[in-house]
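Letters A, B, ... are given to chains in the order of the sequence lines, protein chains preceding strands, and every chain is numbered from 1. Atom set for the values below is all heavy atoms of this structure, side chains included, hydrogens, waters and symmetry mates excluded.
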4 protein chains.
Amino acid sequence: MAQSKTAKQILDAAEALFAEQGFIETTMRQITYNANVNLAAINYHFGSKQGLIQSVAEQFLRPFSNYIDQALIERANMLDKSSVKMEELLELLMRALLRVDQENTHSLLMFTRLLELAYMKNQGELREFIIGRYGSKLKPFITLIRAQSALMEEDEFFWRLHFVMGSVIFTLSNFTMLSAIEKKKFNSEAEIERILHRMVPVLSAGMQARGDKLYFSRL
Amino acid sequence: MAQSKTAKQILDAAEALFAEQGFIETTMRQITYNANVNLAAINYHFGSKQGLIQSVAEQFLRPFSNYIDQALIERANMLDKSSVKMEELLELLMRALLRVDQENTHSLLMFTRLLELAYMKNQGELREFIIGRYGSKLKPFITLIRAQSALMEEDEFFWRLHFVMGSVIFTLSNFTMLSAIEKKKFNSEAEIERILHRMVPVLSAGMQARGDKLYFSRL
Amino acid sequence: MAQSKTAKQILDAAEALFAEQGFIETTMRQITYNANVNLAAINYHFGSKQGLIQSVAEQFLRPFSNYIDQALIERANMLDKSSVKMEELLELLMRALLRVDQENTHSLLMFTRLLELAYMKNQGELREFIIGRYGSKLKPFITLIRAQSALMEEDEFFWRLHFVMGSVIFTLSNFTMLSAIEKKKFNSEAEIERILHRMVPVLSAGMQARGDKLYFSRL
Amino acid sequence: MAQSKTAKQILDAAEALFAEQGFIETTMRQITYNANVNLAAINYHFGSKQGLIQSVAEQFLRPFSNYIDQALIERANMLDKSSVKMEELLELLMRALLRVDQENTHSLLMFTRLLELAYMKNQGELREFIIGRYGSKLKPFITLIRAQSALMEEDEFFWRLHFVMGSVIFTLSNFTMLSAIEKKKFNSEAEIERILHRMVPVLSAGMQARGDKLYFSRL
DNA sequence: AATGAATGAGGGTTCATTCAT
DNA sequence: AATGAATGAACCCTCATTCAT
C-alpha cells in the first residue's frame, strides 16, 4: 500500500487548510487536529512541515504535469501543425488545471499558493524542488507558446511569461475575494471555469502584442 | 498636527521593512530596533501593528492619489481627445507610480504590498479603509481605460481589470526575485522603469483583445 | 541598576540547576519555574539558552580571573623570585577557586561544568567566548607554571597541562559522587578545601616529573 | 546463546556511535538507522536505551577485564618482584587498554565514556552493574599500585586514585577535541599511544609524591 | 510622551517508547 | 522475531501585546 491511513489524513487536512489559509498561516497543530492524529505524526511521516508542503505539492504537480504531457501528444496527433494557435495552447493549459482540480478538490488553489510560495525569498529549496522535478516537463509547452508569441528577445519573453503567470496566480489566489465582489456588484456567481476562459484571449493578446511602441520619459 | 519624532522614526523604519519583507513577515522588534525606539512605542503610538500598517499605507496613498489626479489633468491638456490611446493611459499610470517612488524611495513596493494585503481575507478593515479613502479618486481614470478597451460587458471588464492588476501586483511584488533570476539567466540588470514599460503593450493588448472566441469543453 | 530582578532570579536559579544537573540536562522550564518567572523571560533577557549559559559563566569567570590577577601581583611583591615554587602556584590557584566559590555558592561546580562543556564538540562558540575573554588573563599564570615544570617541549607541556586540568575537572565534576563513596567507605566527610589541597602535591609532582623514561612497545 | 543478527547489528552500530558522540547524545534513531534495522528493535531486544548501554558495556568490559588478568600474570612471570616500578604498572595498564582497542576499534573510547557515565547521578544502576561485575577483578592490580605509591592513609590513596583516573578519563574523553587543538597549534598529529605514554610519568609521579607539605589558609 | 520589563499564547521539532500486526 | 506506525511529553524559541513606572 502506498501510504498509511494517517499520512493520507494528514495530506487531506493539510491540503484543505493550505488552500484556505496559505502555507505559512497554517500550523501543524491545526493540521493534526483536523486530521485527528498526533502532532508528531507530521514529522514522522514527512520529516518536517516543509516536507509536508512538498508532498502536498507533488500530489498536485504529478497529475498536472501528466495532463499537460498527454494533452500535447493528443494535440500533436489531432491537428496539422499550421493551425496551432496561442489560444488553443492556453485553453489546453486551463483544461489541465481544471481536470486536476476536479479530481482533487483543492488542487487549483494549491497550485496557486504553491507558485506564490515558490516566488518568496527563503524558499529556494522549494523552488529548486519544483523546477528540478517538473521544470523540464513544461519546456515543450513553453516552446510552443514562444513560437506563437510575437517576435521578441529572450529576456522580453521571460518577463512577459511572468506578467501572464502573475495574472493567473493573482486571480486564482484571490478568487474567493474577487468572486465575492462580483456577486455583490453584479449579482452573478463566478465559476472558476468561466474565469479561466475569460483569461484566454487576454493572455493570448498580451503574449502576441508588438512591444516597444512607446517609452515614457524617465521621471 | 505634527507627529512626534518617535512616531516618525517608526513610520520610516516600518516603511522600509514592509517594502522589503512584506507586512506579515516584518516583526515589531525589527521595526523598533531599526527605528532605534522602544518596542512598546508602536503600540503606544499606533495602537497595534495593524494600526501602524494603516498609517504607513496612508502616508503613501495620499501623494499617490494626488499624482494620479495631476496626471489626468496633464493628459487633458496635452492631448486632443481623439488621439487618447490605451498605451498612453497606461504609461501615464506607470509614470505616476515612478514619480511617487522617486520622492519616497519605497513607495512603489509599498503600493504593491498594500494591494496584496488588501486582497487577503481577514483584512476587510484595511480594504474598506483604502476603498473608502481613495477608491473614488481612481474612477475617472478607470472610465478612460474602459473607453479604450474592447467592447464588453461590465462584469467582463471587472475581471479583465483584475487580470491586469494581478500582472502588475505580482510582478512588482516579486520583482526582487524575478530580477535576480533574470540576472542569473541573461546577466542583465533589470530596472524597474524598464519592466513597467515592458508591461504597457502587454496589458494594453489584453484589455483590447476581443473575447469569447473559443470555449474549452468542460472537463 | 545593573540588572533587573527577574534577570537576577533567572541567573540564580540557573546557576543552581546548572551546577546540580549540568547545562544540557537543565531545561528552560525548570529554570523559569524555579525562578518564578515567565518562560519567555530567558529569551528576553539573555537571547537564548546559550546566552544564559554565557552570562552565568561570566558571573564566575570575571571574579575568578580578577582573583588570579590580584594574587599574582601580591605574590610578586611578597616573595623574592628565587623562592617561587610550583606548589605555591597551585595553592594560589586553589585559593582563587575557593574564594569565588565562597562568594557565590555554586561557582566552583559551575567552573567545572563550564570547562567540561567547553571541551565538547558543537560548543565552539562557548570555547571561543571563554578563550577570547579570559584566555589572555591566565597567560602569565601559565607561564609561571611552565617555568616551574620539568624541562620539556611545548607540545609535551600542552598535554601535561590538560592531564592536570583533567584531574581537577573530573574530580570536581564528580565531587558529590566521590564524597558520597568516601563517606560510605571511610565514614569521613569530604570537604572541598581538603580535596583541593590534596591535589596540590599530586599535580605538582606530575608537572615536574621527568618524562620519556620508558616506552611500551606498540601492541 | 547466539544473539540474533539484528541484535548484533544494533550492538555494533551503537558502539561506534556511543564512542564517537557519547551515550546521551546518541539517539535511538541514529543507532537503528546505522544498524539498518527498525527503530523498535532496540526496545524489543534490549528493553530500553539503558539496557542497550549495559549490553554494549558488557561487550567491552569482558575482554578488557581478561586482558588485565593476563597482563598481571605476564608481569608476575617477567619481572623479579624487587624491581616492580610504578611506571611499569601503568604501562602495563596502558598496554591492556590499547590491546583491547586494537581488537575492537572503539573499545578505548567506550571505556572512557562508560566510566564517565558511571560517575553520573541517576546512573546508580549502571555503576552497581560495573562494580559488581568487574570491580573485584581490578583489586590485585590496585594493590600493586598502592604498594608502589608514597606512604599514605587509605582515604588519601582513594582520592589520589581518582585524581589519576580523572586525568585518564578526561583526556581520552576529550581526545578528539584536544588532538584537534594540538594539530592547529603544533601541526603534529596526536596518536593515542603516544598520549597514553606521555601520561605514564605524570601519573606515576603524582601517585608517588609526598603529600601534605603545605596547607593554604582557609580564607 | 515614553520605555524597560514582563508575559501568555503559540510556533516547529525531537525524543524514547509503545502499539498492532 | 521483527517492524511500520503512532504517540505523549518535552524541547527551545518567537511573537504581539501589556504592565508599571
Side-chain angles (χ1 to χ4, degrees), chain A residues 1 3-10 24-32 35-53, chain B residues 3-7 9-10 24-32 36-52, chain C residues 1 3-10 24-32 35-53, chain D residues 3-7 9-10 24-32 36-52:
Chain A
M1 202 202 309
Q3 65 194 1
S4 83
K5 190 184 139 208
T6 296
K8 177 91 174 68
Q9 285 171 325
I10 290 173
I24 294 167
E25 293 79 6
T26 299
T27 73
M28 294 178 64
R29 283 176 167 84
Q30 289 177 331
I31 297 169
T32 51
N36 209 25
V37 300
N38 185 277
L39 171 59
I42 290 180
N43 282 44
Y44 175 74
H45 285 283
F46 304 97
S48 65
K49 188 183 179 182
Q50 199 63 225
L52 173 58
I53 291 176
Chain B
Q3 57 195 353
S4 82
K5 189 184 142 209
T6 297
Q9 286 171 319
I10 290 172
I24 294 167
E25 292 79 6
T26 299
T27 70
M28 295 180 63
R29 277 197 143 79
Q30 292 176 328
I31 297 170
T32 50
N36 208 23
V37 300
N38 184 273
L39 173 58
I42 291 179
N43 285 304
Y44 179 75
H45 284 283
F46 303 96
S48 67
K49 188 182 180 181
Q50 198 61 226
L52 172 59
Chain C
M1 204 198 312
Q3 64 194 0
S4 82
K5 190 183 138 209
T6 296
K8 176 90 175 68
Q9 286 171 325
I10 290 173
I24 295 167
E25 292 79 7
T26 299
T27 72
M28 293 177 63
R29 281 182 163 81
Q30 290 176 331
I31 296 170
T32 50
N36 208 23
V37 299
N38 185 277
L39 171 60
I42 290 181
N43 285 317
Y44 174 73
H45 285 283
F46 303 97
S48 67
K49 188 184 180 181
Q50 199 64 222
L52 172 58
I53 292 176
Chain D
Q3 58 195 352
S4 83
K5 188 183 142 210
T6 296
Q9 286 171 321
I10 290 173
I24 295 167
E25 293 79 5
T26 300
T27 70
M28 298 182 61
R29 279 198 142 80
Q30 291 177 327
I31 297 169
T32 50
N36 209 25
V37 299
N38 185 274
L39 173 58
I42 290 179
N43 286 303
Y44 180 74
H45 283 283
F46 303 96
S48 67
K49 189 183 180 182
Q50 197 64 226
L52 172 60

**Q** Whole angstroms only, please: what is the CD1-C1' distance between A:Ile31 and E:dG10?
**A**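 Distance check: A:Ile31 CD1 to E:dG10 C1' gives 15 Å.
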**Q** Can you measure A:Ile42 atom CD1 to E:dT14 atom P for me and round it to whole angstrom units?
**A**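 In whole Å, E:dT14 P lies 13 Å from A:Ile42 CD1.
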**Q** Would you say C:Thr6 places a side-chain N or O within less than 4.0 Å of OP1 or OP2 belonging to E:dA5?
**A**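 No, no such contact exists.
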**Q** Could you check whether any side-chain heavy atom of C:Lys49 comes within less than 4.5 Å of a side-chain heavy atom of C:Ile42, counting everything from C-beta outward?
**A**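 C:Lys49 does not reach C:Ile42 side chain to side chain.
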**Q** With nearest nucleotides of DNA chain E determined for A:Ser48 and D:Asn43 from heavy-atom distances, which residue corresponds to the more 5′ nucleotide?
**A**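 It is A:Ser48, whose closest nucleotide lies nearer the 5' terminus.
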**Q** For E:dG8 and C:Asn38 - does any side-chain N or O of the residue sit under 4.0 Å from the phosphate oxygens OP1/OP2?
**A**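 Yes, because at least one side-chain N or O of C:Asn38 sits under 4.0 Å from OP1 or OP2 of E:dG8.
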**Q** On DNA chain F, does the nearest nucleotide to A:Ala41 precede the nearest nucleotide to B:Thr26 from the 5' side, or the other way round? Give the residue.
**A**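 By nearest-heavy-atom nucleotide position, the 5'-most residue is A:Ala41.
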**Q** Quick one: A:Asn36 CG to F:dA6 C1', roughly how many Å, whole number?
**A**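 Roughly 13 Å, once rounded to whole Å.
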**Q** With rounding to the nearest 0.5 Å, note down the distance linking CD1 in D:Ile31 to CG in D:Leu52.
**A**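 Answer for the CD1-CG pair, D:Ile31 versus D:Leu52, is 5.0 Å.
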**Q** Using a heavy-atom cut-off of 4.0 Å across all strands, would you classify C:Leu39 as base, sugar-phosphate, or nothing?
**A**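 Contact class for C:Leu39: base.
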**Q** Of D:Ala40 and B:Ala40, whose nearest nucleotide on DNA chain E comes first from the 5' end?
**A**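 So the residue in question is B:Ala40.
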**Q** Indicate whether OP1 or OP2 belonging to E:dA2 is found under 4.0 Å from a side-chain N or O atom of B:Ser4.
**A**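 For E:dA2, OP1 or OP2 has a side-chain N or O of B:Ser4 closer than 4.0 Å.
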**Q** C:Glu25 CD to E:dC15 P: how many Å, rounded?
**A**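 Answer to the nearest Å: 15 Å.
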**Q** What integer distance in Å separates A:Gln30:CD from E:dG12:C1'?
**A**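 Rounded to whole Å, this separation is 13 Å.
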**Q** Compare all side-chain heavy atoms of B:Met28 with those of B:Asn43 and state whether any distance is below 4.5 angstrom.
**A**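 They are in side-chain contact.
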**Q** So what's F:dA2 paired with, Watson-Crick or G-U wobble, going by both distances under 3.5 Å?
**A**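 E:dT21 - that is the nucleotide pairing with F:dA2, both distances being under 3.5 Å.
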**Q** Rounded to whole Å, how long is the line connecting atom CD of C:Gln50 with atom P of F:dC11?
**A**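 Rounding to the nearest Å, CD of C:Gln50 and P of F:dC11 are 17 Å apart.
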**Q** Can you tell me the base-pairing partner of F:dA16? Count Watson-Crick or G-U wobble geometry only, both distances below 3.5 Å, and say none if there is no partner.
**A**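 Base-paired to E:dT7.
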**Q** Got a donor-acceptor pair under 3.5 Å from the side chain of A:Tyr44 to the base of F:dA5?
**A**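 Donor-acceptor pair under 3.5 Å: yes.
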**Q** Where do A:Ala7 and A:His45 come nearest, in terms of heavy atoms and distance?
**A**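 Looking at all heavy atoms of both residues, the shortest contact is CB-ND1, 3.9 Å.
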**Q** Would you say B:Thr27 reaches F:dT14's phosphate, i.e. side-chain N/O to OP1/OP2 under 4.0 Å?
**A**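 For F:dT14, neither OP1 nor OP2 has a side-chain N or O of B:Thr27 closer than 4.0 Å.
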**Q** With rounding to the nearest 0.5 Å, note down the distance linking CG in B:Asn38 to OH in B:Tyr44.
**A**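 Rounded to the nearest 0.5 Å, the CG-OH separation comes to 12.0 Å.
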**Q** Could you tell me how far apart A:Phe46 (CZ) and F:dG4 (C1') are, to the nearest whole angstrom?
**A**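 Atom CZ in A:Phe46 sits about 15 Å away from atom C1' in F:dG4.
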**Q** Answer with yes or no whether A:Arg29 presents, from its side chain, a donor or acceptor under 3.5 Å of a partner atom in the base of E:dG10.
**A**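 No, no donor-acceptor pair under 3.5 Å.
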**Q** Given that C:Gly47 and D:Ala7 both sit by DNA chain F, which one's nearest nucleotide is further toward the 5' end?
**A**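 Going by which nucleotide is closer to the 5' end, it is D:Ala7.
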**Q** What is the distance from CE of C:Met28 to C1' of E:dT7, rounded to the nearest Å?
**A**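 Interatomic distance, CE of C:Met28 to C1' of E:dT7: 14 Å.
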**Q** How far does CG of D:Asn36 sit from OG1 of D:Thr6, to the nearest 0.5 angstrom?
**A**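 So the gap between those two atoms works out to 10.0 Å.
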**Q** Report yes if at least one side-chain N or O of C:His45 is closer than 4.0 Å to OP1 or OP2 of E:dA6; otherwise report no.
**A**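 The answer is yes; a side-chain N or O of C:His45 sits under 4.0 Å from OP1 or OP2.
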